[in-house]
Protein chains: 2
Amino acid sequence: MDPLLIDRLLQIADLFQKDMGRAFAGTGLTTARVHLLWILQHSGPSTQQSLAQACDVSPRNITGLVDALEKTGHVRRTPHPADRRAVLVELTPSAIETMTRMQREHVELDASLMGAVAPGDRDAVLRGLTAISSHLERLVADAGPRDDGPSS
Amino acid sequence: MDPLLIDRLLQIADLFQKDMGRAFAGTGLTTARVHLLWILQHSGPSTQQSLAQACDVSPRNITGLVDALEKTGHVRRTPHPADRRAVLVELTPSAIETMTRMQREHVELDASLMGAVAPGDRDAVLRGLTAISSHLERLVADAGPRDDGPSS
DNA sequence: TATTGTTATACTCTATAACTATA
DNA sequence: TATAGTTATAGAGTATAACAATA
């Protein structure tokens, strides 16, 4: 009997998690930290508030992640030019290099995964995943605001 | 420009995580605990050793998860009939009910996701995800044993 | 008064190492 | 000697609440 679509997706999610955890092992990086670096590379220097929103995580949590990344030399805190309450977090040159390499590996992994799919199925898979992603996004958004259950 | 296949998959993984986290909120359950319950429902009463292997987690971690689940009345520890060192962990009746309901919701969510995919794309999506899953499994397995990099 | 970031506190998942009771 | 589980210790991600400095 076939496994369900959802089981495949969950299994893939789990494998990704394992793969990333292993890829970062020994570098002082973790999934959460790399996620933050990723956002910094795409958004440029950012306040911790905006990082908290982008990561969908509490501001307190950002403090901890930035502390760790600062200690390992991946990011720098600089004063915000216009708001003395805020700081700007930015990638160090060496972290920019790291992220550039990571971006390249990311694209390579994509090609590798795509190569595992039968050529004739590729378009359908992309369409299907896009649809599933949108659908899930709607489900999460609908369930999100209210946690007391839907009724009346 | 199209997002990459891998980005879709990562996005879906993230949405699943958020969805589950929210679904369990307030119940005292978490992803890790539900995973353990899930295994118990499929394997029946198990020793903590076998649970550690099934969850791919340290035995010490299982102690903590079982402690928590015991405290909330989801599982029971009973003496192993043949080995006085070991214990058997088993679901309580109420947890069996919970898991049965969860299983039903799981299948419903699958149908809901499948419904979001164009009928003509469904087979290709299933085939593609199966291929991706196998491919990733191989990548993880290959990278796993050695963390000093591939060479000679 | 509202916002930015931090300190204080706490919970969860995770791991390794040392230890106890049994095999 | 080896195995099952626990205690001890530690690190990482996460959260809320209280507080400081600044808007």
Side-chain angles (χ1 to χ4, degrees), chain A residues 13-14 17-18 20-22 24-39 45-72 74-90 144 147, chain B residues 13-14 17-18 20-22 24-39 45-72 74-90 144 147:
Chain A
D14 200 60
Q17 190 180 299
K18 285 201 172 84
M20 291 194 284
R22 180 139 40 221
F24 304 150
T27 65
L29 291 177
T30 63
T31 308
R33 292 174 194 177
V34 169
H35 185 201
L36 204 160
L37 294 180
W38 203 260
I39 288 168
S46 314
T47 65
Q48 295 191 183
Q49 280 297 326
S50 64
L51 290 174
Q53 287 185 276
C55 292
D56 194 20
V57 120
S58 73
R60 174 60 183 92
N61 201 345
I62 297 294
T63 297
L65 295 173
V66 172
D67 282 351
L69 288 168
E70 204 172 31
K71 206 167 304 182
T72 53
H74 290 94
V75 305
R76 230 179 348 220
R77 271 190 251 239
T78 60
H80 191 292
D83 187 339
R84 287 200 298 170
R85 295 170 303 179
V87 297
L88 283 181
V89 182
E90 62 182 11
D147 40 316
Chain B
D14 199 60
Q17 190 180 298
K18 285 202 173 87
M20 292 194 284
R22 179 140 39 222
F24 304 151
T27 65
L29 291 178
T30 63
T31 308
R33 291 173 194 177
V34 169
H35 184 201
L36 203 159
L37 294 180
W38 202 262
I39 288 169
S46 313
T47 64
Q48 297 191 182
Q49 281 296 327
S50 64
L51 290 174
Q53 288 184 275
C55 292
D56 193 21
V57 121
S58 73
R60 174 58 184 93
N61 202 345
I62 297 295
T63 298
L65 294 173
V66 171
D67 282 351
L69 288 168
E70 205 173 32
K71 205 167 304 181
T72 52
H74 289 95
V75 305
R76 230 178 347 220
R77 272 190 250 237
T78 60
H80 191 292
D83 187 339
R84 287 199 298 169
R85 293 170 304 180
V87 297
L88 284 180
V89 183
E90 63 182 11
D147 39 314

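Naming: A, B, ... by sequence-line order, numbering from 1 per chain. In what follows, every heavy atom counts, from backbone to side chain, and hydrogens, waters and symmetry copies are set aside.
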* Asked: Looking across every strand, which nucleic acid part, if any, lies under 4.0 Å from T47(A) by heavy atom: base, sugar-phosphate, or nothing?
  -> sugar-phosphate
* Rounded to the nearest Å, what distance is computed from the CD atom of residue Q17(B) to the C1' atom of nucleotide dT14(D)? -> 11 Å
* Name the closest nucleotide to the R85(A) side chain, picking from dC13(C), dT22(D), dT22(C). => dT22(D)
* Starting at CD of Q53(B) and ending at P of dA15(C), how long is that distance when rounded to a whole Å? -> 14 Å
* Asked: How many Å lie between CG on L51(A) and P on dT14(D), as a whole number?
  -> 13 Å
* Asked: Heavy atom of residues 56-72 of chain B under 4.0 Å from DNA chain C: which residues?
  -> V57(B), S58(B), R60(B), N61(B), L65(B)
* D83(B) has an atom CG; how far is it from atom P of dG5(D), in whole Å? -> 8 Å
* Asked: Does a nitrogen or oxygen in the side chain of Q48(B) sit under 4.0 Å from OP1 or OP2 of dT6(D)?
  -> yes
* **Between P of dA4(D) and CG of L88(B), the distance in whole Å** => 12 Å
* Asked: Under a 4.5 Å cut-off applied to non-hydrogen side-chain atoms, are H74(B) and L36(B) in contact?
  -> no
* Using heavy atoms to find the nearest nucleotide of DNA chain C for S50(A) and L29(B) separately, return the residue whose nucleotide is more 5′. => S50(A)
* For L36(A) and dG13(D), what is the distance between atoms CG and P respectively, to the nearest whole Å? -> 10 Å
* Would you say the side chain of Q48(B) lies within less than 4.5 Å of the side chain of P59(B), judging by non-hydrogen atoms? -> no
* Structure fact -> T31(A) and M20(A) have their tightest heavy-atom pair at CG2-CE, 4.3 Å
* For the side chain of R33(A), starting at C-beta, report the closest nucleotide among dG13(D), dT6(C), dT22(D). => dG13(D)
* Which one of L65(A), V66(A), D67(A) satisfies the side-chain contact (heavy atoms from CB on, under 4.5 Å) criterion with V75(A)? -> V66(A)
* In terms of side-chain geometry, is the basic nitrogen of K18(B) or D14(B) positioned less than 4.0 Å from the acidic oxygen of its partner? -> yes
* In whole Å, what is the span from the CZ atom of R84(B) to the C1' atom of dA2(D)? -> 17 Å
* Within the structure, does a side-chain N or O atom of Q49(B) lie under 4.0 Å from either OP1 or OP2 of dA4(D)? -> yes
* **Sub-4.5 Å side-chain heavy-atom contact between L88(A) and T47(A)** => yes
* **Flag, side chain of R77(B) to backbone of E70(B), donor-acceptor distance under 3.5 Å** => no
